[in-house]
Amino acid sequence: MILTEFDYARPTGLDEALALLSGTRGARVLAGGQSLLPDLRTGADSARLLVDIRRLAELRGTTRTPDGRRLRIGALTTLADLAADPLVLAEAPELAAAARSNGDPQVRNLGTLGGNLAAAGRPTDLPVAAIAADALVELAGTGGRSTLPAEEFAAGTAPAGEVLTALLVPAAGAAAAFEKSADRATRYPLCATAVRITPDGPRIAVTGATPRPLRLRGVEDRLRGGPYSTEAVLAAFRAEPRELFVPGRGTSAEYLGHLAGVLTARALQRAERALS
Amino acid sequence: MDITLNVNGRPEQFSAQPNELLVERLRDGLGLTGTKVGCDTGQCGTCVVRLDGRSVKSCLVLTASAAGAEVATIEGVTTRGGELSGLQEALRQEHGTQCGFCTPGMVMALGELVDATADGPAPTEPEIREWLTGNLCRCTGYHSVVRGVQRACAATRDEVPAGSTASTAAAPEV
């Protein structure tokens, strides 16, 4: 039972949703609801109006951008659909793997790409995949549409009154991978890492072990040119400041730094194998 | 709010508050108490129902948000004559229930897996176990549930189930 009271609206189009969100104090977007509803239930979050956008078909599905270099994935694509999407599996395999590692089948059946990216404060899995992929987050407000690099989006909070409409992901082929060590009870990552191997070197992002999803430029610099041997990757992580890793849940910063290194090595080695 | 919902093939019309959860409507409004409430926060999976064919946790869905949808609960799985579904019968034969509290949610969740894989190879044991991550059971340890799913999938494929312990021959007297 949700004890707080709120109003509910189910707009039939994005413009109507944006008008409701900008015109009502305390209005919140309801998409899959798999984080927001339990938070309303426990009192961890509040809302005056829920604007239910779950069935807006215009925010679903995957297409290639006209230049063919990016996938445009609608924000209301469910995690289950994202994990099984042939285009995503072929061109952004780390994103599909991250989607598949979230929660459980029932949560993935309702939870959405947008909700996972915007679930500030929860260590969800998709932000690292989006950061490593150099993806752009597309937002819509009453003033129009804008894009923001996934790394910047993860560093801030979702702008009030705006709706996350899509993720624009560079197509990578097989040169990407995702690895995760999950907390057994919550399925949230103790540590999750996503990597992409680009002509300019590896792109590496880590979450769970760090205070928020972070791109690790120092590690990338140390590994540029390879090799991606486990020893080299662990050494690259040992050179990071210890404060980067936040101990808790029975772990130390040293353990989390090591775990991040091990998972990143696995991901890099898998992506490299898939490339050759 | 006036809401229309199709539950187990029957149209239902009622008025609901915006903060009502689907599980509350099913149990308290429609008397379908086969759907259980365990944790009420989306962790235990005993409230799983099918929403437009997909298994979901009915404590993580607003009734208002489900308006217009097709909802299937455990009451709709058993035939009117009380005959168990193939999955339920296989779970019974493999002793896949003990106290039974998690069973309705498991049947509704696993029903989607069985349906989704019906036209291809049977799901593997790791796939079945992964599919069960949303359902907590504190009695069986899942082994017998996994065997039940394997038996159900084998029965529709005319095969001997992998890992079955229950003999199809005459059972020994106990």
Side-chain angles (χ1 to χ4, degrees), chain A residues 1-12 27-56 78-81 83-84 100-112 115 122 182-188, chain B residues 1-3 16-25 27-28 37 39-69 105-106 108-117 123 127-136:
Chain A
M1 185 180 286
I2 296 177
L3 293 175
T4 60
E5 290 186 5
F6 45 78
D7 290 324
Y8 172 90
R10 192 198 282 187
T12 53
R28 300 286 303 274
V29 174
L30 175 66
Q34 303 300 284
S35 301
L36 181 57
L37 292 179
D39 283 352
L40 291 174
R41 161 74 186 79
T42 59
D45 208 338
S46 64
R48 301 271 286 277
L49 167 70
L50 293 187
V51 179
D52 186 354
I53 61 169
R54 184 165 72 90
R55 301 198 205 189
L56 293 186
T78 64
L79 298 174
D81 288 347
R100 189 176 168 73
S101 80
N102 258 276
D104 54 55
Q106 288 70 46
V107 167
R108 295 196 289 273
N109 273 344
L110 284 175
T112 64
R122 287 184 182 243
D183 178 83
R184 295 275 292 192
T186 64
R187 310 289 292 169
Y188 281 120
Chain B
M1 308 177 65
D2 291 327
I3 288 168
Q17 294 296 315
N19 62 351
E20 181 187 285
L21 296 166
L22 180 59
V23 67
E24 296 166 344
R25 173 56 46 179
R27 287 179 55 83
D28 304 336
V37 177
C39 68
D40 210 12
T41 47
Q43 294 148 54
C44 77
T46 195
C47 69
V48 172
V49 300
R50 303 276 286 268
L51 183 71
D52 289 328
R54 307 297 283 266
S55 60
V56 303
K57 294 173 177 174
S58 60
C59 76
L60 295 186
V61 179
L62 292 179
T63 304
S65 186
M106 286 222 184
M108 298 315 291
L110 290 166
E112 187 189 1
L113 176 68
V114 171
D115 290 349
T117 54
E127 285 167 352
I128 297 167
R129 289 188 181 277
E130 204 282 325
W131 196 267
L132 282 166
T133 47
N135 296 89
L136 296 185

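Quick note on labels: first sequence line is chain A, next is B, and so on, each numbered from 1. All heavy atoms count here, side chains included; hydrogens, waters and symmetry mates do not.
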With a 4.5 Å heavy-atom cut-off, do A/P105 and B/E112 have their side chains touching?
no

Side chain / backbone / both / neither for A/T4 at chain B, heavy atoms under 4.5 Å:
backbone

Heavy-atom nearest pair, B/P18 first then A/F6, reads CB-O, 3.3 Å

Relative to chain B, which segment of A/L40 carries a heavy atom at a distance below 4.5 Å: side chain, backbone, both, or neither?
neither

If you compare all heavy atoms of A/N109 against all heavy atoms of B/S55, which two are closest, and at what distance to 0.1 Å?
ND2-O, 2.8 Å

Considering residues, nucleotides and ligands other than A/R10, do more than 12 of their heavy atoms fall under 6.0 Å from its CZ?
yes

Candidate pair A/L110 and B/V61, rule side chain to side chain contact (heavy atoms under 4.5 Å, CB included), full reasoning
CA-CA 9 Å; A/L110 284 175; B/V61 179; 3.5 Å; yes

Drop me the distance from B/S65's OG to A/L37's CG, to the nearest 0.5 angstrom.
8.0 Å

Check whether any side-chain heavy atom of A/Q106 lies under 4.5 Å from a side-chain heavy atom of B/M108, and answer yes or no.
no

Identify which part of B/L21 has an atom lying under 4.5 Å from any heavy atom of chain A, answering side chain, backbone, both or neither.
side chain

Heavy-atom donor-acceptor pair, A/D104 side chain to B/T133 backbone, under 3.5 Å
no

Crowding at CE, B/M1 (>12 non-hydrogen neighbours, <6.0 Å)
yes

Can you find a heavy atom in the side chain of A/D52 that is under 4.5 Å from one in the side chain of B/L62?
no

Side chain, backbone, both or neither: which part of B/V37 has a heavy atom under 4.5 Å from chain A?
neither

Flag side-chain contact, heavy atom, 4.5 Å: B/R54 against A/D81:
yes

Name the region of A/L30, side chain, backbone, both or neither, that has any atom closer than 4.5 Å to a heavy atom of chain B.
side chain

Compare every heavy atom of B/E24 with every heavy atom of A/M1, then report the nearest pair and how far apart it is.
CA-OE2, 2.7 Å

Tell me if a side-chain donor or acceptor on B/N19 pairs with a main-chain N or O of A/I2 at a distance below 3.5 Å.
yes

Taking 4.5 Å as the heavy-atom cut-off, does anything in residues 40-49 of chain B contact chain A, and if so which residues?
B/D40, B/T41, B/V48

